[in-house]
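Fair warning: this is a prediction, and the values are worked out from it, not measured in the lab.
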Amino acid sequence: MLVAVSLVALTAISVSTPLHEAGASAPARIRCSPTTRPCNVPADLAAKVTELTDEISRRLQRALPFAPQFAIDTGRGPDRAYAEATLIDATGRPVPETAGPGAGCLITFYEASLTPDEADNTLAHELFHCFQFALDTRSVATWFTEGSAEWVGAELGGPTPSTRENWNQWLGEPGKPLFTRSYDALGFFALLDQHGVDPFTLFDLMQSTFPREGSQGIYNIAKEALGAEPALDAAMALTRAPSLGPDWEATGVGITRRTATETVAFGPSDGEQKADLRVRGLYGTASVIIRPTGDVLTLVGAEGNDTAVGFKGAPAIIGTGITGSWCLSASGCECPPATPPRPPLLPGAPGPVGIAVARNTE
């Protein structure tokens with residue numbers, strides 16, 4: 001798994017019987033494992049495991065039906081992993097996650113990859129995987145299993161360099177289809193939390209829904225809980241324009257200052273101007289901030305996509321596509337004499353204008 005644990009805590013681990021005396025079949029660099037003899041973890045680490053297990057159990061409202069076991073690998077983890085949670089059978093041997101609900105969970109720490117500042121985050125992330133194993137992880141999408149665990153790791157264990165790296169991907173690649181994400185989907189679950197929906201209350205339902213309804217079923221559960229389109233809420237948050245209101249800024253534990261939103265100056269003499277708001281797939285998002293200097297702003301485009309237009313001090317205007325003309329002058333707008341009639345102007349406001357778009361079809 002992608003997070004770390006304290007070297008100070010783990011170098012103190014001891015095994016009462018050497019591996020060769022236990023008839024171990026594990027690789028030589030594994031100091032202990034359930035296939036040989038369970039690790040006798042240090043008291044401080046054991047206490048943290050108990051604390052985090054109890055907290056996850058409390059927030060999920062279900063107990064972990066087995067005690068997690070531990071192994072220490074003296075080498076480096078695959079793909080820069082600092083730790084890894086593995087489903088195990090009743091004998092303590094790893095089995096494929098596709099095998100269904102597990103009889104146990106093995107957490108392996110990769111000692112050569114560890115950094116001393118990620119212990120709590122690592123444990124929370126990996127222990128949450130153990131809870132997922134207990135429920136059933138057959139064919140559950142990576143964006144859900146890893147994105148949720150990454151959010152839990154940050155929420156319960158604090159931010160780490162890995163957390164910030166994943167935030168940068170969420171914030172810096174808004175056009176990426178939601179269902180193709182991985183650890184960076186922590187931003188989706190942070191969005192729920194930002195809007196007052198505790199993701200812990202949805203995790204089990206989301207996971208159990210996946211075999212029948214896939215990723216769309218998970219998304220629909222979030223949509224029902226929010227009472228709004230999560231992708232459009234994400235598009236607004238990823239605009240990162242807090243002057244337009246709290247919904248136009250992303251929040252979350254460990255969030256960085258990264259943004260992919262461009263700001264475009266637009267004056268009365270500029271004529272028609274286009275902003276590229278393309279996204280790459282389902283529930284990808286895009287946004288732009290316009291800084292107009294004229295009195296009237298006309299917007300047309302984004303047909304068939306969920307959209308939001310935001311003005312300072314006013315609720316966002318939500319719809320499908322963008323078509324309308326807004327008065328931006330605080331003193332009102334009047335057309336010059338002999339100007340052809342035009343539809344009534346919508347009320348806007350001076351200052352920046354946010355435009356957020358979410359793609360709701362493949």
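- At a threshold of 4.5 Å between non-hydrogen side-chain atoms, the residues Leu178 and Phe188 count as touching.
- Between Phe70 and Phe109, the two ring planes are parallel [angle under 30°; tilted spans 30° to 60°].
- A distance-only check finds a donor-acceptor pair linking the side chain of Thr259 to the backbone of Thr261 [under 3.5 Å].
- The side-chain hydrogen bond (donor to acceptor under 3.5 Å, both in side chains) search around Asp54 returns none, not counting sequence neighbours.
- Contact of the Pro246 side chain with the Gln194 side chain is not registered, since no non-hydrogen atoms from C-beta on lie closer than 4.5 Å.
- For Glu51 (side chain) and Ala46 (main-chain N/O), no donor-acceptor pair under 3.5 Å exists by modelled atom type.
- Residues satisfying the side-chain hydrogen bond (donor to acceptor under 3.5 Å, both in side chains) test with Thr256, not counting sequence neighbours, are Asn168.
- Annotation for Gln207 and Gln132: closest pair NE2-O, 3.0 Å, computed over non-hydrogen atoms.
- Taking OG1 of Thr285 as the reference point, atom CD of Glu173 lies at 11.0 Å (rounded to 0.5 Å).
- With rounding to the nearest 0.5 angstrom, the CG atom of Leu232 is 10.0 Å from the CG atom of Asn305.
- Residues passing the ring pair (Phe, Tyr, Trp, His ring centres under 6.0 Å) test with Phe128, sequence neighbours excluded: Phe203.
- Partners of Asp193 according to the salt bridge (charged side-chain N to carboxylate O under 4.0 Å, His left out) rule, which considers only residues two or more places apart in sequence or in another chain, do not exist here.
- For the atom pair CH2 of Trp170 and CZ of Phe189, the computed distance is 9.0 Å after rounding to the nearest 0.5 Å.
- The closest side-chain heavy-atom distance from Arg181 to Thr142 is not below 4.5 Å.
- Counting heavy atoms from C-beta outward, Ile221 and Leu205 have side chains that approach closer than 4.5 Å.
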Could you pull out all donor-acceptor pairs under 3.5 Å where a side-chain atom in residues 210-217 meets a protein atom, sequence neighbours excluded?
| unit_1 | atom_1 | unit_2 | atom_2 | d |
| --- | --- | --- | --- | --- |
| Arg212 | NH1 | Ser208 | O | 3.3 |
| Ser215 | OG | Trp143 | NE1 | 2.8 |
| Gln216 | OE1 | Tyr283 | OH | 3.2 |
| Gln216 | NE2 | Asn220 | OD1 | 2.9 |
| Gln216 | NE2 | Tyr283 | OH | 3.0 |

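- Judged purely by atom type and a 3.5 angstrom limit, Ser57 has no side-chain atom pairing as donor or acceptor with the backbone of Thr53.
- Side-chain atoms of His129 and Glu84 form no donor-acceptor pair, as typed in the model, at a separation below 3.5 Å.
- No donor-acceptor pair closer than 3.5 Å links the side chain of Glu262 to the backbone N or O of Ile289.
- Under the salt bridge (charged side-chain N to carboxylate O under 4.0 Å, His left out) criterion, Lys176 pairs with Asp184, not counting sequence neighbours.
- Leu156 is listed as a side-chain neighbour of Arg59, based on a closest heavy-atom distance under 4.5 Å.
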Anything under 3.5 Å between a donor and an acceptor, one on a side chain of residues 348-362, the other on a protein residue two or more places apart or in another chain? List them.
| unit_1 | atom_1 | unit_2 | atom_2 | d |
| --- | --- | --- | --- | --- |
| Arg359 | NE | Thr361 | O | 3.0 |
| Arg359 | NH1 | Val279 | O | 3.4 |
| Arg359 | NH2 | Glu362 | O | 3.2 |
| Asn360 | ND2 | Asp306 | OD1 | 3.1 |
| Asn360 | ND2 | Asp306 | OD2 | 3.2 |

* Kindly determine whether Trp151 and Phe200 satisfy ring-ring contact (aromatic ring centres under 6.0 Å, His included), including the steps that lead there. => CA-CA 10 Å; Trp151 179 82; Phe200 277 100; 5.7 Å; yes
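- Hydrophobic clustering keeps Leu171 apart from Leu244 (ILVMFWY residues linked when any side-chain heavy atoms are closer than 4.5 Å, directly or through intermediates).
- Taking CZ from Phe66 and SG from Cys130, the interatomic distance works out to 6.0 Å, rounded to the nearest 0.5 Å.
- The ring of Trp167 has its center no closer than 6.0 angstrom to the ring center of Tyr183.
- A continuous path of hydrophobic side-chain contacts links Leu123 to Leu60 [ILVMFWY only; heavy atoms under 4.5 Å].
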Identify all side-chain donor-acceptor contacts of residues 308-327 below 3.5 Å with residues at least two apart in sequence or on another chain.
| unit_1 | atom_1 | unit_2 | atom_2 | d |
| --- | --- | --- | --- | --- |
| Ser325 | OG | Thr298 | OG1 | 2.7 |
| Ser325 | OG | Arg342 | NH2 | 3.3 |

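- A distance of 11.5 Å separates CG of Leu202 from OG of Ser148, quoted to the nearest 0.5 Å.
- Applying the side-chain hydrogen bond (donor to acceptor under 3.5 Å, both in side chains) test to Thr86 and every residue at least two apart in sequence or in another chain returns nothing.
- Looking at residues two or more places apart in sequence or on another chain, you find a side-chain hydrogen bond (donor to acceptor under 3.5 Å, both in side chains) between Arg62 and Asp204.
- Shortest non-hydrogen contact noted between Met206 and Ile218 is O-CG1, 3.5 Å.
- Under the salt bridge (charged side-chain N to carboxylate O under 4.0 Å, His left out) criterion, Glu55 pairs with Arg58, sequence neighbours left out.
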* Asked: Taking it one step at a time, do Thr263 and Arg291 satisfy side-chain contact (heavy atoms from CB on, under 4.5 Å)?
  -> CA-CA 7 Å; Thr263 300; Arg291 292 191 176 275; 3.6 Å; yes
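- Among all heavy-atom pairs drawn from Phe133 and Cys105, the shortest one is CD1-SG, 3.8 Å.
- By the 4.5 Å heavy-atom criterion applied to side chains, Ile107 and Gln69 are not counted as neighbours.
- The two residues Ala250 and Ile255 make their nearest non-hydrogen contact at O-CD1, 3.4 Å.
- The two residues Leu191 and Pro230 make their nearest non-hydrogen contact at CD2-O, 3.3 Å.
- The distance from atom CG of Asn121 to atom OG1 of Thr163, rounded to the nearest 0.5 Å, is 4.5 Å.
- Taking a 4.5 Å side-chain heavy-atom cut-off between Ile, Leu, Val, Met, Phe, Trp and Tyr, the cluster of Leu345 extends to Val296.
- In terms of modelled atom types and a separation under 3.5 Å, the side chain of Thr239 and the main chain of Ala235 share a donor-acceptor contact.
- Between Pro159 and Arg164 there is a side-chain heavy-atom pair separated by less than 4.5 Å.
- Criterion: ILVMFWY side-chain heavy atoms under 4.5 Å apart, direct or through other members. Under it, Met236 and Leu238 are not part of a common hydrophobic cluster.
- A 4.5 Å side-chain heavy-atom check between Glu229 and Asp233 finds every atom pair outside the cut-off.
- The minimum heavy-atom distance linking Gly172 with Ala260 is given by the pair O-CB, 3.8 Å.
- If you check the side chains of Glu224 and Tyr219, you find no donor sitting under 3.5 Å from an acceptor.
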